[in-house]
Amino acid sequence: MKQIILTSIGWLGVVLCTLGYLLLSLKVIKAESRTFQLLNIMGGLCLVATAIDNSDMPNAVANLLWMFIGVFALGRQLRIQGASRAE
């Protein structure tokens with residue numbers, strides 16, 4: 001049962017990351033959008049969980065970095081948005 005759940009989480013990660021890239025490529029969303037960053041963050045997190053379970057550390061680190069880039073970009077966007085509201 002645990003393996004089915006972790007495999008499902010991994011596939012969800014694939015879907016989220018691929019969906020983000022697809023929507024970006026089709027110009028439905030922009031790289032600066034919260035939607036794109038959240039898809040990358042959540043997709044990366046799902047893929048990290050699966051990679052760690054499979055002891056695939058290079059994949060886990062790559063997806064962890066992918067996820068943190070999304071967190072950094074989203075945080076920067078929120079700070080800029082908060083600063084512009086304060087003016």
Which residues pass the side-chain contact (heavy atoms from CB on, under 4.5 Å) test with Thr7, sequence neighbours left out? Gln3, Trp11
List, one per line, each side-chain donor-acceptor pair under 3.5 Å for residues 72-81, sequence neighbours excluded.
unit_1	atom_1	unit_2	atom_2	d
Gln77	NE2	Glu32	O	2.6
Gln81	OE1	Arg34	NH2	2.2

Qualifying side chain to side chain donor-acceptor pair (under 3.5 Å) pairs with a residue from residues 15-25, counting only residues at least two apart or across chains: none
So which pairs with a foot in residues 3-19 pass salt bridge (Lys or Arg N to Asp or Glu O under 4.0 Å), sequence neighbours left out? none
Do any pairs count as a side chain to side chain donor-acceptor pair (under 3.5 Å) and have a residue in residues 37-46, sequence neighbours left out, and if so which ones? Asn40-Trp66
same_hphob_cluster(Ile69, Val71) at 4.5 Å side-chain heavy-atom cutoff: no
Kindly write out the residues that satisfy side-chain contact (heavy atoms from CB on, under 4.5 Å) with Ser33, not counting sequence neighbours, or none if the list is empty. Ile29, Thr35, Phe36
Path from Ile4 to Val14 over hydrophobic side-chain contacts below 4.5 Å: no
Checking one residue: Val61. Which other hydrophobic residues are in its cluster under the side-chain 4.5 Å linking rule? Leu65
Enumerate the salt bridge (Lys or Arg N to Asp or Glu O under 4.0 Å) contacts for residues 61-70, please, sequence neighbours excluded, ordered by first and then second residue. none
Who passes salt bridge (Lys or Arg N to Asp or Glu O under 4.0 Å) against Asp53, sequence neighbours left out? Lys2
Just list the side-chain donor-acceptor pairs under 3.5 Å for residues 43-52, sequence neighbours left out, or say none.
unit_1	atom_1	unit_2	atom_2	d
Thr50	OG1	Leu6	O	3.2
Thr50	OG1	Gly10	N	3.2
Thr50	OG1	Cys46	O	3.2

Pairs flagged by salt bridge (Lys or Arg N to Asp or Glu O under 4.0 Å) wherever residues 17-31 is involved - sequence neighbours left out: none
Going by the rule side-chain contact (heavy atoms from CB on, under 4.5 Å), which residues pair with Leu19 if we only count those two or more places apart in sequence or in a different chain? Leu23, Leu39
